[in-house]
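Below is one structure, written out as structure tokens; comments come after it.
Chain naming here is simple, since letters A, B, ... match the order of the sequence lines and numbering starts at 1 in each.
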2 protein chains.
Amino acid sequence: MMLENISVNKSFAGWHKQYSHASKVLNCTMRFAIYLPPLASEQNKVPVLYWLSGLTCTDENFMQKAGAQKLASELGIAIVCPDTSPRGQEVADDDGYDLGQGAGFYVNATQAPWQIHYQMYDYVVKELPELIQANFPVSELKSISGHSMGGHGALMIALKNPSAYQSVSAFSPISNPINCPWGKKAFTAYLGEDKSLWQHYDTCELMKKAQSFMPALIEQGADDQFLTEQLKIEALQAVVDAKDFDVEINYQAGYDHSYYFIASFIDKHLDFHAKHLT
Amino acid sequence: MMLENISVNKSFAGWHKQYSHASKVLNCTMRFAIYLPPLASEQNKVPVLYWLSGLTCTDENFMQKAGAQKLASELGIAIVCPDTSPRGQEVADDDGYDLGQGAGFYVNATQAPWQIHYQMYDYVVKELPELIQANFPVSELKSISGHSMGGHGALMIALKNPSAYQSVSAFSPISNPINCPWGKKAFTAYLGEDKSLWQHYDTCELMKKAQSFMPALIEQGADDQFLTEQLKIEALQAVVDAKDFDVEINYQAGYDHSYYFIASFIDKHLDFHAKHLT
């Protein structure tokens, strides 16, 4: 699979790079970003943290705003940021910021017109890791994290692939998409009216059925403007309370939904993942 | 002077806030951002680092991308980011990214149509610090830093106001604007054809004439795409070499002109300023 380099920036003695490639799974050209710590080499393959961004984001938001590179450089962890949906003029879209391009919700769409390109689940779980593994000096160890829609994606993907990741974390995740406006709108469009099918992508429903789980760390701003209506972290908290999993949910007083919140706690999450990756 | 709050985000236990206000000096409505560390209070006023951004930037670029808040929080330093020019539909502009709105060059314009609003020197040196002092829990101690056009601004303002700041630093500064395309274009428009007047805003010329200077730290990416044609750091290096000032210029191999470079070295600059501010 051909990678085309788009940009290179030295960052904390390592490298931030953007690439585009033809995605077979998504049936379009995709872009991603990777941060490679200075010690990464063919002789010293490093583990990877996959970061899934939220609504409207691209591969750039986390790399530019989270301030993760300093500690990732020290810990020797690569970070990979995919885009949040298929992209392009030929790709179905919607006028809303919460559906279509920039809002793939990390599911495999089954409904027209979305199913032609919107297969983000397979892209993040299969195609992208294979691409990264084949083209960069990374080991097979990986963890996953994300924010908001990407927090949903990270937790949901970890629950469906418990042996693929060493650990999972999330900031302000959409924890129960089948019961919030963002999730209902997207799942209706991508998956259709049969709500029983939605459960296969719902963190709360998946966790209820899970027999075991990997270490999980969740950070939630207590003053997040989307907390009550969209994120439903209390629903996830109730499921977690009934299980004996290693899931830590922290409410952070005063913090909102922005990258200022993510930046304030990203080092804690990197340390958490490093403990399980290295 | 009335301040209107635009946004508030908790950040590393402190607060990032944006405000708008009517600027008498600039004759328009202006926006700025301030980071207040958690320990700032009327009983514990904190020193301020003023950050001047580069071409096309607003108050947001540094706050979102530099990753400065973590250490500023720990050191107890406030950071103030003004916009890079007057703004508004009634404010003169140019189709180029390097003249007009987003490109004020921190000078007081004397030429039509620019002189009506483009008085960024007086705004940064006088009006904004008075506003900050009157409305926030900050001490009278201040330092100044900036990037590219803002690196020019920081060094030039420090040279013209040696007693107003404790220290100055710059990333990739336009070091000799009277001898580079960006500077010649802007100074011709804002200051007119008489090049003898340009020298009053040129870091190299000001430093040649200076009898003393404050501690200064300059970071320059050795792979900066603008180094040779626009930044002219070698001209500044030659002036510095002939003086006995406390000026450190560091060339950083592999780094470019981006915020990935700034983020990689901002903590070093914050530590430098803290040594002189606290």
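Contacts between residues 6-18 of chain B and chain A, counted as heavy-atom pairs separated by less than 4.5 Å, involve B:V8, B:N9, B:K10, B:S11, B:F12, B:A13, B:W15, B:H16. Contacts with chain B (heavy atom to heavy atom, under 4.5 Å) involve these residues of residues 62-79 of chain A, listed by number: A:M63, A:Q64, A:K65, A:Q69, A:K70. The contact list for residues 32-43 of chain B toward chain A, using heavy atoms and a distance under 4.5 Å, is empty.
For A:D223, no part sits under 4.5 Å from any heavy atom of chain B, backbone or side chain.
With a 6.0 Å radius and a threshold of 12 heavy atoms from other residues, nucleotides or ligands, A:Q225 has its CD atom above the threshold. Around atom CD of A:E234, more than 12 heavy atoms belonging to other residues, nucleotides or ligands sit under 6.0 Å away.
Residue with the most contacts toward chain B among A:F261, A:F265, A:Y255: A:Y255 (heavy-atom pairs, distance under 4.5 Å).
When the side chain to side chain contact (heavy atoms under 4.5 Å, CB included) test is applied to B:T278, the partners found at least two apart in sequence or on another chain are B:P47, B:A274.
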